[in-house]
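Here is the structure we will look at, set down as structure tokens.
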Protein chains: 2
Amino acid sequence: MSEKPLPVTVLDEHTAAHVAELFRAFSDTSRVRILFALTTQELNVNVLAEMVGISESAVSHHLRGLRQMKLVVARREGKEVFYHIEDNHIISLFGEGVKHVRYG
Amino acid sequence: MSEKPLPVTVLDEHTAAHVAELFRAFSDTSRVRILFALTTQELNVNVLAEMVGISESAVSHHLRGLRQMKLVVARREGKEVFYHIEDNHIISLFGEGVKHVRYG
DNA sequence: TATACATATGAACATATACTCAGGTGTTTA
DNA sequence: TAAACACCTGAGTATATGTTCATATGTATA
């Protein structure tokens, strides 16, 4: 008696592209450090730049991408702009990746 | 009475680079489709190539990278090589990304 | 209003990445 | 052992990506 083969489920290209795009947001060392910092608190561009060790311009470029993907939210307060993560699902997804690296 | 500020936790560059590397594995449309298929069953290179719609060579290149990262495991059976994912944490991490795209 | 400050933007450039092509390795079968 | 099959690999190429630099925009303050 032969096993019934599982139906081969192909993820459609459109969905796959979106999944890839989501994970790509987490695929750069600087962005990972930015996002990690933002999982615990709201921070402005200047502080993020110092933490990560890249220019404010570079940080701003990263944040624009993350904003467009709705992974971070900006809030202006005077001259400064504070960023944070609103989506808890994103925080946990990102956190799982960090855990996997840290604790195998 | 002022709030005690949270200590600013900077993720060290080495760890961040590894986290980025992990997520980078999921950051390409073809790899996402390959990995998605492998979350439910073991498949060989030829079948994966047909499913994803790229050459066997391209699939093989992707699988090499995934193998080096220990995200997939190869098993030879005669002329064919079957791939699968062993790490359940990787399956769920990847699955969470797919869920986020599918169901917001 | 003029200046300083904080962030954003566009262009340019160097590096990384994914794919194809040609050829190579390992395994089975005629 | 020769041919066929399945997969792997390295080189080459086109495109994508991250950063810096120069400059622009928005906000507060002298």
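Note on naming: letters A, B, ... go to the chains in the order of the sequence lines (proteins, then strands), and numbering restarts at 1 for each one.
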Write down the distance between [atom1] ([X]) and [atom2] ([N]), rounded to a whole number of angstrom.
X       : N      : atom1 : atom2 : answer
B:Ile34 : C:dA18 : CD1   : P     : 11 Å
A:His62 : C:dA8  : NE2   : P     : 13 Å
B:Asn46 : D:dC8  : CG    : P     : 12 Å
B:Ile54 : C:dT17 : CD1   : C1'   : 13 Å
A:Leu63 : C:dT7  : CG    : P     : 10 Å
B:Leu43 : D:dA6  : CG    : P     : 15 Å
A:Arg24 : C:dA16 : CZ    : C1'   : 13 Å
B:Phe82 : C:dT27 : CZ    : C1'   : 14 Å

Taking the side chain of [X] as heavy atoms from C-beta outward, which of [options] is closest to it?
X       : options               : answer
A:Ser57 : D:dC21, D:dC8, C:dC19 : D:dC21
B:His61 : C:dG10, D:dG10, D:dC8 : D:dG10
B:Glu80 : D:dG18, C:dA18, D:dA6 : D:dA6
B:Asp28 : C:dC19, D:dC8, C:dA8  : C:dC19

Check your understanding: Can you say whether the rings of A:Phe94 and A:Phe26 are parallel (under 30°), tilted (30 to 60°) or perpendicular (over 60°)?
Key -> perpendicular

Check your understanding: Of A:Arg31 and A:Arg76, whose closest DNA chain D nucleotide lies nearer the 5' terminus?
Key -> A:Arg31

Check your understanding: Between A:Gly78 and B:Arg64, who's closer to the 5' end of DNA chain D by nearest nucleotide?
Key -> B:Arg64

Review point. Between B:Phe82 and B:Val73, is there a shared hydrophobic cluster once you connect ILVMFWY residues whose side-chain heavy atoms come closer than 4.5 Å?
Key: no

Review point. Closer than 4.0 Å, any side-chain N/O of A:Ser30 to the OP1 or OP2 of D:dG18?
Key: no

Practice item. Compare side-chain N and O positions of B:Ser60 against OP1 and OP2 of D:dC7 and report whether any pair is under 4.0 Å apart. Key: no

Practice item. Please figure out whether A:Ala58 or A:Lys79 has its closest DNA chain C nucleotide nearer the 5' end. Key: A:Lys79

Review point. Where do B:His100 and A:Leu22 come nearest, in terms of heavy atoms and distance?
Key: ND1-CD2, 3.8 Å

Practice item. List the atom of A:Arg31, the atom of A:Ala25, and the distance in Å for their closest heavy-atom pair. Key: NE-O, 2.9 Å

Practice item. Evaluate salt bridge (charged side-chain N to carboxylate O under 4.0 Å, His left out) for A:Arg24 paired with A:Glu21, printing each intermediate quantity in order. Key: CA-CA 5 Å; A:Arg24 199 177 301 119; A:Glu21 188 189 18; 5.8 Å; no

Check your understanding: Within the structure shown, what part of the strands sits under 4.0 Å from B:Tyr83 by heavy-atom distance: base, sugar-phosphate, or nothing?
Key -> sugar-phosphate

